[in-house]
Amino acid sequence: MASIMSARQALRLGNRLSARSYSSAVKHEGARDIKRLGVIGAGQMGLGIALVAAMKAQVPVTLVDSNQKSLDKGLVFADTLLAKQVAKEKLTQAQSDAARALLLPTTSIDALHEADFIIEAVPEIPTLKFELFSRLASVAPQHAVLATNTSSISITRIAAATQDPANPLDTSASSRVVATHFMNPVPVQKGVEIISGLQTSQSTLATAVAFCEKMGKIVSYSVDSPGFLANRILMPYINEAIICLESGVGDRDSIDAIMKNGTNVPMGPLQLADFIGLDTCLAIMNVLHTETGDSKYRASVLLKNYVAAGWLGKKSGKGFYEYAQKK
């Protein structure tokens with residue numbers, strides 16, 4: 001009698017299917033041309049994605065954030081980054097002005113009705129992303145790719161949020177969902193992870209790859225597994241460093257110094273955690289722990305306490321290090 005396929009066998013099969021999809025996507029077969037980008041979230045990640053798209057892909061970018069102050073702060077940051085590029089002679093003033101003119105800020109998500117490709121870059125909160133993609137299914141054009149910058153949440157689950165519960169076999173929206181996980185800071189880091197869900201179409205995958213490459217990024221592929229590649233490797237490393245600090249194995253400076261001077265990384269794990277944001281690190285560890293059920297992904301008590309205290313790292317002025325706040 002045929003045995004029931006185990007979860008492990010199903011995952012292996014899914015991985016093989018994904019690998020075949022990726023090999024075709026690299027050829028850009030079925031990729032659609034992107035004439036306008038939409039980015040949701042004007043924080044560090046969203047603004048970075050929008051700015052790089054304007055500079056490299058040279059497409060108009062509708063930048064959406066429900067908070068006008070966040071938009072204003074993001075655009076000031078964009079002006080600062082562009083000025084630095086001009087000062088370093090990496091851009092001419094004319095190129096800088098042209099890129100800045102392509103950033104179109106708005107507080108209305110309805111402004112995305114003309115976007116060909118939409119990238120969500122809101123906080124790593126599952127319910128927030130599910131609600132947003134449910135909304136995008138009706139707001140976005142029916143041809144638009146709906147991409148998430150999630151660093152750990154299942155793409156299949158995000159895509160499912162676009163489906164009508166009464167008609168789950170209708171994948172007209174969910175087939176256009178894909179993950180484009182950019183690395184932080186986006187204007188500096190070259191890498192991007194592309195992850196497809198079960199519903200993601202070949203055309204959607206190919207379009208995502210082609211557009212990310214047009215943005216000057218180097219694409220890596222991951223299957224839809226908790227944490228994908230980057231954070232499945234990086235976050236446990238950071239979490240273990242925090243546990244070493246918590247349990248007194250070493251002090252802050254020694255932990256960061258040995259990794260910098262012993263493995264040639266540009267910054268130690270505790271400083272890196274500060275730059276990522278300790279709340280983000282905790283959110284990702286929680287997803288890894290919940291989705292895998294593996295205790296090795298349990299977040300450090302010290303990490304939880306820092307987040308509870310509001311010590312989130314560089315963005316709050318204090319984490320494992322202290323940072324001067326701009327007035």
Side-chain angles (χ1 to χ4, degrees), residues 43-49 77 81 84 121 123-126 149-153 181-193 195 217-218 220 222 225-326:
Q44 187 174 4
M45 287 301 297
L47 190 281
I49 293 167
F77 183 51
L81 289 178
K84 288 181 179 179
E124 197 73 350
I125 302 171
N149 187 55
T150 183
S151 54
S152 60
I153 301 169
H181 177 211
F182 291 86
M183 303 295 114
N184 188 29
V186 182
V188 176
Q189 302 291 0
K190 296 180 180 179
V192 62
E193 282 183 309
I195 307 100
K217 299 302 179 182
I218 298 172
S220 294
S222 171
S225 182
F228 316 130
L229 284 175
N231 284 325
R232 188 72 168 262
I233 297 167
L234 176 63
M235 286 302 155
Y237 157 70
I238 288 175
N239 192 57
E240 190 62 32
I242 299 171
I243 291 173
C244 285
L245 178 65
E246 176 186 310
S247 58
V249 175
D251 60 28
R252 179 197 71 183
D253 293 343
S254 294
I255 291 168
D256 276 0
I258 191 58
M259 297 313 296
K260 287 170 63 178
N261 301 320
T263 65
N264 203 33
V265 292
M267 63 175 68
L270 300 179
Q271 184 183 15
L272 178 58
D274 274 358
F275 274 70
I276 293 170
L278 301 189
D279 53 337
T280 300
C281 293
L282 178 58
I284 295 169
M285 287 303 301
N286 286 340
V287 169
L288 287 172
H289 188 213
T290 300
E291 294 297 321
T292 66
D294 195 327
S295 62
K296 73 180 180 181
Y297 296 119
R298 185 170 55 235
S300 158
V301 172
L302 185 60
L303 174 59
K304 294 177 182 178
N305 286 343
Y306 268 54
V307 173
W311 299 350
L312 308 181
K314 190 173 186 294
K315 62 186 174 184
S316 69
K318 180 176 176 61
F320 295 109
Y321 295 81
E322 293 188 4
Y323 305 88
Q325 291 290 81
K326 294 181 180 180

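Between Met267 and Met259 there is no side-chain heavy-atom pair separated by less than 4.5 Å. The closest side-chain heavy-atom distance from Ile276 to Met235 is below 4.5 Å. With a 4.5 Å cut-off on side-chain heavy atoms, Ser151 and Glu124 count as touching. Side chains of Leu272 and Leu234 form a contact here, defined as non-hydrogen atoms less than 4.5 Å apart. Within the 4.5 Å cutoff, the side chain of Lys217 has heavy atoms near those of the Val186 side chain.
Taken to the nearest 0.5 Å, the CD atom of Gln44 stands 4.5 Å off from the CG atom of Asn184. Atoms CG and OH, from Asp274 and Tyr323 in turn, are 3.5 Å apart once rounded to the nearest 0.5 Å. With rounding to the nearest 0.5 Å, the separation of CD1 in Ile238 from CD1 in Ile243 is 12.5 Å. Rounding to the nearest 0.5 Å places SG of Cys281 at 6.5 Å from CD1 of Ile242.
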Residues 306-313 side chain polar contacts: donor-acceptor under 3.5 Å, at least two apart:
none

*asked:* For Phe320 and Gln271: C-alpha separation, side-chain torsions, deciding distance, then whether side-chain contact (heavy atoms from CB on, under 4.5 Å) applies.
replied: CA-CA 7 Å; Phe320 295 109; Gln271 184 183 15; over 6 Å; no
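Closest of all the heavy-atom pairs between Pro269 and Ala241 is CG-CB, 3.5 Å. Tyr321 approaches Leu270 most closely through the heavy-atom pair CE1-C, 4.3 Å. The minimum heavy-atom distance between Asn231 and Pro236, with the atom names listed, is O-CD, 3.4 Å. Shortest non-hydrogen contact noted between Lys260 and Gly268 is CG-N, 3.4 Å. Across every non-hydrogen atom of His181 and Ala230, the tightest pair is CE1-CB, 4.4 Å. Closest non-hydrogen pair, Glu291 versus Pro226, comes out as CB-CG, 3.4 Å.
When only modelled atom types and interatomic distance are considered, Glu246 and Ser300 share a side-chain donor-acceptor pair under 3.5 Å.
In Lys314, the NZ atom is not crowded: 12 or fewer heavy atoms of neighbouring residues, nucleotides or ligands sit closer than 6.0 Å.
Under the rule for a side chain to side chain contact (heavy atoms under 4.5 Å, CB included), the partners of Asn286 that lie at least two apart in sequence or sit in another chain are Leu282, Ala299. Contacts of Asn305 classified as side chain to side chain contact (heavy atoms under 4.5 Å, CB included), with partners at least two apart in sequence or in another chain: Val301.
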